[in-house]
There are 2 protein chains.
Amino acid sequence: MAREKIKIRKIDNITARQVTFSKRRRGLLKKAEELAVLCDADVALVIFSATGKLFEYASSSMQELLGKYKLHATNNAADKANEPALQLQLIESDEARMGKEVLEKNRELSQLRGEDLHGLSLEELQRLETMLEGGLHRVLQTKDERIAKEIATLQQKGFQLMEENKLLKQQMMTLMSKGKRPRTMATEMDNQLATYQEDQGQSSDSVTTNVSGPPPEDDCSDTALKLALPFY
Amino acid sequence: MAREKIKIRKIDNITARQVTFSKRRRGLLKKAEELAVLCDADVALVIFSATGKLFEYASSSMQELLGKYKLHATNNAADKANEPALQLQLIESDEARMGKEVLEKNRELSQLRGEDLHGLSLEELQRLETMLEGGLHRVLQTKDERIAKEIATLQQKGFQLMEENKLLKQQMMTLMSKGKRPRTMATEMDNQLATYQEDQGQSSDSVTTNVSGPPPEDDCSDTALKLALPFY
DNA sequence: ACCTCTATGTATAAAAG
DNA sequence: TCTTTTATACATAGAGG
């Protein structure tokens, strides 16, 4: 495909054939991987050179893919004729049963994802819709519960910290009034306390408010305000 | 490779992914055959689409090639460890793996249905929510398209019937004015026609209006108003 | 889904090191 | 045999039917 167009037939010159094999083999393996990645497909590629050397690519496990292939092949073959393929068929019937199950589950999953809907009747679409709505409802409910719980935990931690700070402040005041030291530290703690109270008030307004925003930069890292919310 | 360069990662848009799959699949199959022919190599290519559809190429017999592959694979495995279980082990592990796969798919399905959500993190719940919303959206879209199409068909049939009735009425009038028979039948047909026109007017107002309600009780069952809508 | 069209990115045949 | 180079053929993304 360069310099000159070539006909697709066995290359006579042995050297040229080996060179072409090397180049095209790599190209093919690359393309196979690209297809698997781009299109979320399962791809298995097996190449034997004329000298018997093996090259292969499989998007997942070669065994898994070849098993899956056998299922399809045997299913189709069984449709067309009753080929009594020795004991092999007995063994494979087990595989076939499970494979069908996997295929069925996969179909169901992809339909729930909204793909491959073209063969479905209105009744089936309605069934899917109901199931999806129910599922979505329950997922949202679970998520809301989880979020509410985490917020409650955060609030509790916050109040604990407030109490702790208040106590510390009092102790500090006591110490300072005795030793007549400047009040800088106590003032700063007042500010921190006010900031934190504001944050708490906001987050309890709505479940969907951002709670993971910067908390007051305290040094009490051991008291663990670590329950950050990754969403909302 | 055209118009714009793309990154080799899963294509998000489902339609685009299917289109690309179709194009690249053909390209890959062609290249596989070219390699086999040009370089006298044995090539086996198995592709499963994301929806589970199978595509394959084999330069000779797929069975033969896969057998050959298994030999190489087992030989190599035997080099690394002294596993004398031959192909039997491959088959057994296939079954075990598929059993696991079935379990996995079932878990995924039940989660999509909104069951068994307790072990999930907020991130996983968010992922489920997104998937369900997308699926629901696509299901609703497909259903709406289907319904619109059926309504259009029903309307067309309705108009056909109206025309037919008009014609029959005229013929009847002609007959009656000639033979001086009582006009009972003609009057009844007038009523039917009026009723049907009302129905048509209603159903074209909104997609969600009940269209499958009682049509005029005509005896023209062969004209088939059978596209009843089971929902809505 | 499938075809066509077209601009562009890739693959690769041939040659050279 | 492998690499690099280069010119050319091929594959294909995106858009429109």
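Convention: sequence-line order gives letters A, B, ...; per-chain numbering from 1. From a predicted model like this one, the values you see are computed outputs, not experimental measurements.
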With rounding to the nearest 0.5 Å, note down the distance linking CG in A:Leu117 to NZ in B:Lys143. 12.5 Å
B:Lys31 NZ to D:dT12 P, straight-line distance once rounded to whole Å: 8 Å
Name the closest nucleotide to the B:Gln18 side chain, picking from D:dC10, C:dA11, C:dA1. C:dA1
Rounding to a whole Å, what distance do you find between B:Lys5:NZ and C:dA7:C1'? 16 Å
Under 3.5 Å, which donor-acceptor pairs link side chains of residues 37-49 of chain B to any protein atom two or more places apart or in another chain?
unit_1: B:Asp42; atom_1: OD1; unit_2: B:Ser59; atom_2: OG; d: 3.1
unit_1: B:Asp42; atom_1: OD2; unit_2: B:Lys68; atom_2: NZ; d: 3.2
unit_1: B:Ser49; atom_1: OG; unit_2: B:Thr51; atom_2: N; d: 3.2
unit_1: B:Ser49; atom_1: OG; unit_2: B:Thr51; atom_2: OG1; d: 2.9
unit_1: B:Ser49; atom_1: OG; unit_2: B:Gly52; atom_2: N; d: 3.3
unit_1: B:Ser49; atom_1: OG; unit_2: B:Lys53; atom_2: N; d: 3.0

Tell me, which pairs form a salt bridge (charged side-chain N to carboxylate O under 4.0 Å, His left out) where one or both residues lie in residues 103-113 of chain B, sequence neighbours left out? B:Glu104-B:Arg107, B:Arg113-B:Glu115
A:Glu34 CD to D:dT12 P: how many Å, rounded? 9 Å
Exam field: side chain B:Thr142 to backbone B:Arg138, donor-acceptor pair closer than 3.5 Å: yes
Between A:Ile8 (CD1) and D:dA9 (C1'), how many Å, whole number? 11 Å
C:dT12 C1' sits how many Å from A:Ile11 CD1, rounded? 11 Å
Report yes if a side-chain nitrogen or oxygen of A:Thr20 is closer than 4.0 Å to either non-bridging phosphate oxygen (OP1 or OP2) of C:dA13; otherwise report no. yes
Please check: side-chain N/O of A:Thr153 versus main-chain N/O of A:Lys149, any donor-acceptor pairing under 3.5 Å? yes
Tell me: CZ of A:Phe21 to C1' of C:dT12, nearest whole Å? 15 Å
Are any protein N/O atoms closer than 3.5 Å to N/O atoms in nucleotides 2-6 of chain C? If there are, list each pair with its distance.
unit_1: C:dT6; atom_1: O2; unit_2: B:Arg3; atom_2: NE; d: 3.3
unit_1: C:dT6; atom_1: O2; unit_2: B:Arg3; atom_2: NH2; d: 3.0

Side chain of B:Lys30, heavy atoms from C-beta onward: which of C:dT10, D:dA11, D:dG14 has the nearest atom to it? D:dA11
To the nearest angstrom, the NZ-P distance between B:Lys7 and C:dT10 comes to 13 Å
Measure the spacing between CG of B:Leu140 and CD1 of B:Ile147 and express it to the nearest 0.5 Å. 9.5 Å
Residues at least two apart in sequence or cross-chain that pass salt bridge (Lys or Arg N to Asp or Glu O under 4.0 Å) with A:Glu145, listed by chain then number, are none
To the nearest Å, give me how far apart CD1 (B:Ile6) and P (C:dA7) are. 20 Å
What's the closest nucleotide to the side chain of A:Arg24 if the choices are C:dA13, D:dT1, D:dC10? C:dA13
Tell me, please, which residues at least two apart from A:Asp116 pass salt bridge (Lys or Arg N to Asp or Glu O under 4.0 Å). none
Show the nearest heavy-atom pair for residues A:Leu122 and B:Glu150, with the distance to one decimal. CD1-OE2, 4.1 Å
How bent is the helix from C:dC2-D:dG17 to C:dG17-D:dC2, measuring the angle between the end axes built from five pairs each, rounded to 10°? 40°
